[in-house]
Structures are given as C-alpha cells and as structure tokens.
Amino acid sequence: MILFINFQKIFRKMEVMPLSSSVSGTVNAPPSKSAMQRAIACALLARGRSEIHNPSLCDDALAALKMAECMGAATARQDKMIIVDGGYKPHCSELFCGESGLGARLFAPLASLNAGWMEIRGSGSLLERPMNMLSDTLGQMGVEVISKGGFLPLKIRGPIKGGLAFVDGSLSSQLLTGLLIALPVVKEDSRLIVRDLKSKPYIDLTIDILNHFGVELINENYSLFSIPGDQEYKPSSYTVEGDWSGAAFLLVLAALAGDIRVKGLSAGSTQPDRKVLDVLRDAGADVEVSAGEVRVKKAVLKPFTADLSDCPDLAPPLAVLASFCHGNSIISGTERLKVKESDRGSALMKEMSALGVRIMNYENRIEIEGPSRLKEGRVDSHGDHRISMALAILSVASGVKVRISGAESVNKSYPGFYDDLGKLGVSINLSE
C-alpha cells in the first residue's frame, strides 16, 4: 500500500510571532533529511524489503519517496518506520523533487541508469539554483542532458556508463553523492576525479550509508573515488540519526535563553553541522554531551570566529548566536550561501538589520557586532526554512515581538519546529 501520493500539496501561507523569552525542557532532534534521502535512494536500488526507522517526513524526504516510487519502489508507512520494497524499474517519465537541491542532484544519476528520457522538475527557489555540473559530469559518462540554461527542468537519457569522469565539487557535494550511489550498479568499474570538494563530511555520510546497504568503494583523500561495478545493494534495516542542522537552532536558542536537552544526537556523527558544538563552546556556552543527548544552558557569551566552508547551513543559527555575543564575531566560508534556498547572506543581513542587529555580509564572510538591542518588527523568511528558524529563535531569545512571514517554509526540513518550540515553553501567535 503506497501512502505517499501528493507531494506537491500547497501549504497555507503562515505568519508566526514568538512571544517567549526563556526556554527549558527536552525535545528529540528532528530526523536527518540528508540521511533519509540517501537511505531512500539505496533502498530503491536494493531488491526486496528495506525498513527505514525514525524517518524524516519533511517535504524534501517526501519528494524523495515519491521519486523512488516513480523509479519502481513501493513504499508504505508503518508505525514509526517507512517500508521500501526496492527494485529499479522506472514507470514515470517525470520526477518532481520540490525544492530539494539534494533531491535533484542525487536522483539525476539514478535517472541516468534508465535508457529512456526522464525529466527532473522542481519548484520555488530550486528553479534558480545551478545544475550545470550535472550536464558536465553526466555527459562524460554517456548521458544526454538537456537543461534550461543550466537550470531545471532537466531532461536526461542514459544509460550511464562506467569509466573515468571528472567532478567539480566546488559548489556542492550533492552530485558526487548521487554518482556514488548510482555507479555501483553499472556493469563497468568507475573512477571519479574530484576537484575542490566542499562539504566532505557529507560524503562520509554517503559512504557510511552505502556500506550499510552492502556497497563498497575506495576513497582516496576525497580526490579520487574508485567504484567497482556490477554490485548489488542488500535490503536493510536502517535508522535515521538525529539532524544536527535542525538541532543547531535549538542548541543556539538554549545558549541564549535557557536550558534545553536535545535527544537523538550522536557526537560521532559524520554530519558536518555537529561543528555547532565547537562554536558554542568557543563562545562560552555551557555544553554537556552524553550518549545520544546534548544539553546546552544559557551563559554570558563572547565573540567567536567560525569557518563554515564544510557546513554553510550553520550560518543562520550562528548569526543569531553572534548577535548576542559581546564583541565582533566573524563567520567565514559563506560564499556558497548565495545558491541556497535564498541568498542567505543577503537575507540574513536584510532581515536581522531591520530588527536592529549590526550585521554585514561580504563575499565570503559575515561580521556581526554584539550584543544587539532588538526592536519589534515584521520580517520575511524569503521562503527559506533556515532563515525562518533563525528569525524565530532571534525573537524568542530577545523577548521582542517579531512577526515572521513565510513561516511554513520550515516544512522543507523540520516540520515539527514550532511544535518543539511549544514544548520548550514558547508561546506563538499564528496567523494565515
């Protein structure tokens, strides 16, 4: 029984106004949408029943499930797991990935396994995110790719062939993830030479999940990947770990306004956003880490410097952290913020400045002088889930009423975000 039918549903436009200034309590970390999408792709290629426990049901994950269904998988929800009956046998000519950049770049190589034409479509800000790296690399491997000037929609016709190919990793590691997942089932062996790879820990996450599903490859210093061909994915039971990217907002909020325990986080995770712990400690926050749980308590904070080259998604919560520190904080490695769901550096500067934060966005860094004296106002999420969450915790920590439009954007990665704030004692006014 397939339970995931309509992933292009239209969410009502929401505004929220957080009203609390202190928080305390315990919540579970949201499941990692990055791990979830990788697990879905691997389960698709594994013939037989796989179980995905602690699944993410955010928009990006639901879109990935729908694409897997179009490629031959049967999926169902049962209790607290997703069942994927895998087997690659495409019966759709169009894949819809919503606003998921990972979904587009991961599933494009999977679409390339098919000998017929398949079209990959998206919506919203994803239509403005570059996809030219797909054409460049897939074309080297015998795949025909037609794009709209380097953007979605993409038309793809395989089958992809093994051999040698060059991959530009300077903008994203997501295409490399897709190739590492697709190429093991190609008959020929493959070798990928990768240039200027960013977000290397996400490749570690990919390899961990591949190994879990019985697939092997050789990683030589992230510059050469050797992938034996003609491998078989093994159906598996996989548990999605807690998401450090989403949890980072809760941990920063705790350092600013209370005492929060977040369960379901592994300090040994390959997720690069676990770096938030190091930054919180550098800023003077009270951080305790135990098995599967992180506790952060409010403290007097000092300025910090942080290089986010491998974890740019931390920029929004850390910008909020910096606005409460006593002095000038510098967040570097931010050049890739331009091609996220919004131009995040510009969006942060515009909306946080409107509330009284002294923030400057440069080409590859953000500087913030704290502590800020915030004022009430109305701000825009720019349709970006991480901007929406950043503005929410900024409002809560300051105790200043801030009306946030486009608050429904959190559904992309963390649909339970406002519910979790409520569990921590935050009162929220909601309007539509």
Side-chain angles (χ1 to χ4, degrees), residues 1-5 7 31-78 81-98 100 102-116 118-121 134 138 143 154 156 158-160 174-187 205-217 227 229-240:
M1 179 180 180
I2 299 176
L3 301 182
F4 304 97
I5 299 174
F7 298 106
S32 167
K33 73 182 182 74
S34 298
M36 179 70 180
Q37 291 177 83
R38 287 163 169 83
I40 291 168
C42 292
L44 161 67
L45 297 177
R47 295 179 182 178
R49 172 182 166 131
S50 293
E51 297 176 353
I52 303 177
H53 298 267
N54 190 38
S56 171
L57 298 178
C58 68
D59 286 357
D60 284 6
L62 294 179
L65 280 166
K66 182 61 177 178
M67 288 190 285
E69 290 175 0
C70 285
M71 291 183 171
T75 71
R77 183 177 181 181
Q78 187 178 102
M81 70 177 176
I82 300 295
I83 299 169
V84 179
D85 189 1
Y88 187 85
K89 194 174 181 180
H91 56 84
C92 299
S93 59
E94 180 178 303
L95 303 177
F96 180 74
C97 56
S100 175
L102 174 59
R105 294 165 182 155
L106 188 163
F107 279 87
L110 296 181
S112 301
L113 294 170
N114 184 42
M118 297 188 75
E119 184 169 4
I120 298 179
R121 305 188 66 86
L134 299 176
L138 293 176
V143 180
L154 297 176
I156 294 175
I160 190 170
Q174 293 171 344
L175 171 59
L176 177 58
T177 279
L179 291 168
L180 295 179
I181 293 174
L183 289 174
V185 302
V186 173
K187 184 176 181 180
L205 176 64
T206 300
I207 295 172
D208 281 352
I209 297 175
L210 285 170
N211 293 164
H212 189 88
F213 281 85
V215 170
E216 301 292 336
L217 57 83
I227 306 112
D230 207 21
Q231 297 189 59
E232 290 188 7
Y233 281 80
K234 296 178 175 60
S236 182
S237 176
Y238 178 79
T239 300
V240 178

Atom of [X], atom of [Y] and distance for their closest heavy-atom approach:
X: Pro109; Y: Leu175; value: CG-CD1, 3.9 Å
X: Leu180; Y: Tyr233; value: O-OH, 4.2 Å
X: Ile120; Y: Cys97; value: CG2-SG, 4.1 Å
X: Met36; Y: Ile52; value: SD-CG2, 3.6 Å
X: Leu45; Y: Leu110; value: CD1-CD2, 3.8 Å
X: Glu94; Y: Cys70; value: O-SG, 4.1 Å

What is the distance from atom [atom1] of [X] to atom [atom2] of [Y], rounded to the nearest 0.5 Å?
X: Met118; Y: Phe107; atom1: CE; atom2: CZ; value: 10.5 Å
X: Ile207; Y: His212; atom1: CD1; atom2: NE2; value: 16.0 Å
X: Leu138; Y: Leu179; atom1: CG; atom2: CG; value: 6.0 Å
X: Gln78; Y: Ile83; atom1: CD; atom2: CD1; value: 4.0 Å
X: Glu51; Y: Asp85; atom1: CD; atom2: CG; value: 11.5 Å

Checklist line | Trace of the side chain to side chain contact (heavy atoms under 4.5 Å, CB included) decision for Cys42 with Leu210 | finding: CA-CA 7 Å; Cys42 292; Leu210 285 170; 4.0 Å; yes

Next item on the list: I would like to know whether Thr177 and Thr206 meet side chain to side chain donor-acceptor pair (under 3.5 Å); could you show each step before the answer?
Entry: CA-CA 6 Å; Thr177 279; Thr206 300; 2.7 Å; yes

Find out whether [X] and [Y] are in side-chain contact, i.e. whether some heavy atom of one side chain is under 4.5 Å from a heavy atom of the other.
X: Val215; Y: Ile181; result: no
X: Glu69; Y: Leu44; result: no
X: Leu134; Y: Ile156; result: no
X: Asn114; Y: Tyr88; result: yes
X: Arg38; Y: Leu106; result: yes
X: Gln37; Y: Asp60; result: yes
X: Glu216; Y: Gln231; result: yes
X: Pro235; Y: Phe213; result: no

[X] side chain vs [Y] backbone, donor-acceptor pair below 3.5 Å:
X: His53; Y: Ile82; value: no
X: Ser50; Y: Ser236; value: yes
X: Asn54; Y: Val240; value: yes

Next item on the list: Could you pull out all residues at least two apart from Glu119 that satisfy salt bridge (charged side-chain N to carboxylate O under 4.0 Å, His left out)?
Entry: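 Here the qualifying residues are Arg121.
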
Check: Charged N to carboxylate O under 4.0 angstrom, Lys234 versus Glu232?
Finding: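 No salt bridge links Lys234 with Glu232.
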
